[in-house]
> 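Following this message is one structure expressed as structure tokens.
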Amino acid sequence: MDGIRETFAGMPWWVKWVAIPLLVLFVFGGVITSILGALIGFAFKLLLFVGLVGGLVFLVKKFSGSGTKPSSGDW
């Protein structure tokens, strides 16, 4: 670990803060974008599911016997 630290200590600032991050994005960019895409897709599907379930519950409550209270054995 000290060898890596010594190697980077002698480098100019632009190598540490510009060139190396750009190389990381170039090499691992596809992996990063696929992971982010999967996470965003999952979040969208989760929100869609929650919205659809909420809409279904709303419709069931609206159109089922609105004046009757369910007994303790009903859902």
> Taking side chain to side chain contact (heavy atoms under 4.5 Å, CB included) as the definition, give me every residue that meets it alongside Val31, ordered by chain and number, with sequence neighbours left out.
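Once residues adjacent in sequence are excluded, the partners of Val31 under the side chain to side chain contact (heavy atoms under 4.5 Å, CB included) criterion are Ile35.
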> Hey, quick one: are Trp14 and Leu22 part of the same hydrophobic cluster, counting side-chain heavy atoms closer than 4.5 Å, chains of contacts allowed?
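Same cluster: Trp14 reaches Leu22 through Ile, Leu, Val, Met, Phe, Trp or Tyr contacts under 4.5 Å.
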> Using the rule that two of Ile, Leu, Val, Met, Phe, Trp, Tyr join whenever any of their side-chain heavy atoms come within less than 4.5 Å, decide whether Leu36 and Leu46 are in one cluster.
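Different clusters.
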> Knowing that exactly one of Val53, Val60, Leu52 qualifies, which makes a side chain to side chain contact (heavy atoms under 4.5 Å, CB included) with Leu56?
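Going through the options one by one, the only one that passes is Val60.
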> Linking I/L/V/M/F/W/Y whenever any side-chain heavy atoms sit under 4.5 Å apart, do Leu47 and Ile40 land together?
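No.
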> For residues Phe8 and Trp17: do they belong to one hydrophobic cluster (side chain heavy atoms under 4.5 Å, members Ile, Leu, Val, Met, Phe, Trp, Tyr)?
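Per the 4.5 Å side-chain linkage, Phe8 and Trp17 are co-clustered.
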> Could you tell me the separation between the CZ atom of Phe58 and the CZ atom of Phe63, rounded to the nearest 0.5 Å?
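Rounded to the nearest 0.5 Å, the CZ-CZ separation comes to 8.0 Å.
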> To the nearest 0.5 Å, how far apart are CG in Leu23 and CZ in Phe28?
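That separation rounds to 10.5 Å.
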> So which atom in Met11 and which in Lys16 form the shortest heavy-atom distance, rounded to 0.1 Å?
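Closest pair (atom of Met11, atom of Lys16, distance): O-CE, 3.7 Å.
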> State plainly whether one hydrophobic cluster holds both Val15 and Trp13, where clusters connect Ile, Leu, Val, Met, Phe, Trp and Tyr through side-chain heavy atoms under 4.5 angstrom apart.
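Yes, one cluster joins them.
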> Considering non-hydrogen atoms only, spot the tightest contact between Thr33 and Gly30 and give its length.
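Closest approach of Thr33 to Gly30: OG1-O, 3.0 Å.
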